[in-house]
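We name chains A, B, ... by the order of the sequence lines, and we start the count at 1 in each one. Nothing here was measured: the structure is a model prediction, and the numbers come from that model.
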Amino acid sequence: MKERKMENGLVSVDKWSEKSQAYFLTHLHADHTQGLTSTWSKGPLFCSQLTAHLFPSRFPGFNLSLLTVLDTGLWHSMRLVSPSSGSQTTLQVMPIDAHHCPGAVMFLFRGDFGCLLFTGDFRWEAECESAKTAREMLVDALKDNAVDVLYLDNTYCNPAFEFPPRLVAARQVVDIIDSHPGFDIIIGIDSLGKEDLLVHISDMLETKIWVWPERLQTMHLLGFHDIFTTRTSLTSVRAVPRYSFSIDTLNQLNTMHPTIGIMPSGLPWMVKSTKGNSNKSQLSTGTETGTEKIVRGVERCHEYMYIVPYSDHSCFSEIKEFVELVRPTSMKGIVSSSSSYVEPFYYFGGLCGERPISQNEHENKERDERVIDIQTKSFCGIHNTIQSRSMKPVGVSRVTALRRVSRGSKLAENDSSD
DNA sequence: GCGATCAGTT
DNA sequence: CACAACTGATCGC
């Protein structure tokens with residue numbers, strides 16, 4: 001079988017350090033934008049509508065003429081120049097909702113190099129109605145394109161990681177709050193993501209939710225105008241930056257007023273405290289003998305702290321379903337900093353390369369295609385930054401230099417040759 | 001001041 | 001212990 005690959009210097013996804021002709025941003029989390037700055041001038045940047053809407057608040061002063069919105073579910077064509085041969089080539093890309101955080105998309109590419117799918121970070125709640133559109137887009141796109149390489153969000157690519165859909169976890173959060181009348185509630189969140197959880201809480205409890213000022217601005221950009229507030233007097237439910245609150249904080253707060261903390265996280269493990277031991281106990285083990293409310297999967301890791309399995313990344317079974325659907329010829333994990341990292345191929349190798357090849361493969365569909373001319377002229381730098389970097393730190397060794405570089409992907413980097 | 005990198009935090 | 005996502009210190013320019 002012919003090895004598909006895309007040459008370096010053509011496009012980059014969530015990677016900003018090297019010269020490419022087009023740059024693609026899957027979503028606005030910091031670990032996918034490191035290297036991207038307000039003074040960006042390396043080349044055109046493509047992202048979803050919502051990411052573009054949020055973009056100026058994250059990168060004030062950014063030259064917006066470099067920013068182009070790509071609608072989801074459509075093929076967008078762009079003419080690029082092969083850095084090696086200098087000849088023109090056409091590349092097509094389709095963004096598909098990734099259901100990770102607001103604006104997050106996957107990118108499906110096709111061109112001379114074949115067909116590549118970058119999931120970025122993604123959640124694949126196949127049962128849920130919200131994921132239906134994305135699934136249909138993907139299935140439709142894959143009818144005519146067999147994926148040669150799948151670049152996969154393998155954050156929780158281990159059978160040990162199982163958790164329920166977010167709606168289920170959101171109900172668990174409400175149950176916890178309900179069982180603590182009179183308590184103040186603190187929920188740890190990041191700068192983007194988990195808005196649906198907060199909205200659900202707000203709806204169920206009929207309360208506003210406090211957020212910090214920058215987060216309120218983000219909420220407004222996302223179209224939430226009534227639910228969130230920065231006035232503490234209006235609500236006892238507060239969403240705070242995850243990194244700003246700990247068990248020590250909770251202990252402090254509890255000297256003033258009864259308060260519980262809720263950590264929405266796909267990781268079931270403890271948050272550590274500097275003092276005092278933490279009696280980790282499962283609230284529920286799945287039996288239905290409970291006299292008290294059964295909250296499956298929730299961990300009470302401390303007197304005042306709960307961890308709820310609310311994750312914006314796919315759990316193992318969702319990753320598996322996704323790979324079964326895509327059936328790529330080969331695949332690569334985009335997260336390699338984890339010490340428990342295992343190549344997705346270890347689990348899903350049997351799913352690779354068995355998809356029957358469609359007759360229509362690589363035959364372009366005219367109807368939903370739009371053409372974008374990007375300015376290749378100004379971006380065909382002769383600068384070639386030759387810094388060979390292996391993206392694959394295998395095993396558990398702590399290679400500091402590689403700790404944070406593994407999120408982005410240069411297309412076709414370190415492809416195996418044969 | 002700005003950007004890149006590293007150390008450390010929940 | 002772990003992760004993802006983030007802050008803040010430090011260094012070079």
query: Where do A:Ser87 and A:Ser82 land on the side-chain hydrogen bond (donor to acceptor under 3.5 Å, both in side chains) test, with the steps shown first?
result: CA-CA 5 Å; A:Ser87 60; A:Ser82 160; 4.8 Å; no

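Following rounding to the nearest Å, A:Tyr310 (OH) and C:dA4 (P) show an atom-to-atom distance of 18 Å. Atom CE in A:Met263 sits roughly 15 Å away from atom C1' in C:dA2 (whole-Å rounding). In this structure, A:His29 atom NE2 and C:dC3 atom P are separated by 18 Å, rounded to whole Å. Atom P of nucleotide C:dC1 and atom CG of A:Asn158 are separated by 19 Å, given to the nearest angstrom. Spacing between atom CG of A:Asp190 and atom P of C:dC6 amounts to 5 Å, rounded to whole angstrom units. Atom CD in A:Gln34 sits about 16 Å away from atom C1' in B:dC2, given to the nearest Å. At whole-Å resolution of the value, CZ in A:Phe161 and C1' in C:dC3 are 7 Å apart. C:dC3 atom C1' lies 17 Å from atom CZ of A:Phe316, rounded to whole Å.
Across all strands, A:Ser244 comes closer than 4.0 Å to no nucleic acid atom at all (heavy-atom distances).
The listed nucleotides are C:dA4, B:dG3, C:dC6; the one nearest the side chain of A:Ser191 is C:dC6. Here B:dG3 is the nucleotide among B:dG3, C:dA4, C:dC6 with the atom lying nearest to any side-chain atom of A:Thr37. Out of B:dG3, C:dA5, C:dC6, the shortest distance to the side chain of A:Asp31 is found at C:dA5. Among C:dA5, B:dC2, C:dT7, the nucleotide with an atom closest to any side-chain atom of A:His100 is C:dA5. With B:dT9, C:dA4, B:dA4 as the candidates, the nucleotide lying closest to the side chain of A:Tyr243 is B:dT9.
Remark: A:Arg215 fails to qualify as a cation-pi partner of A:Trp210 under the 6.0 Å distance and 45° angle criteria applied to the six-membered ring.
Aromatic ring pairs are classed by plane angle as parallel below 30°, tilted from 30° to 60° and perpendicular above 60°; the pair A:Trp124 and A:Phe122 is tilted.
Checking the phosphate oxygens (OP1, OP2) of B:dG3, a side-chain nitrogen or oxygen of A:Thr39 falls inside 4.0 Å.
Within the 3.5 Å criterion, the main-chain N or O of A:Gly9 finds no donor-acceptor partner in the side chain of A:Lys19. Under the 3.5 Å distance criterion, the side-chain polar atoms of A:His76 are matched with a main-chain donor or acceptor of A:Asp71.
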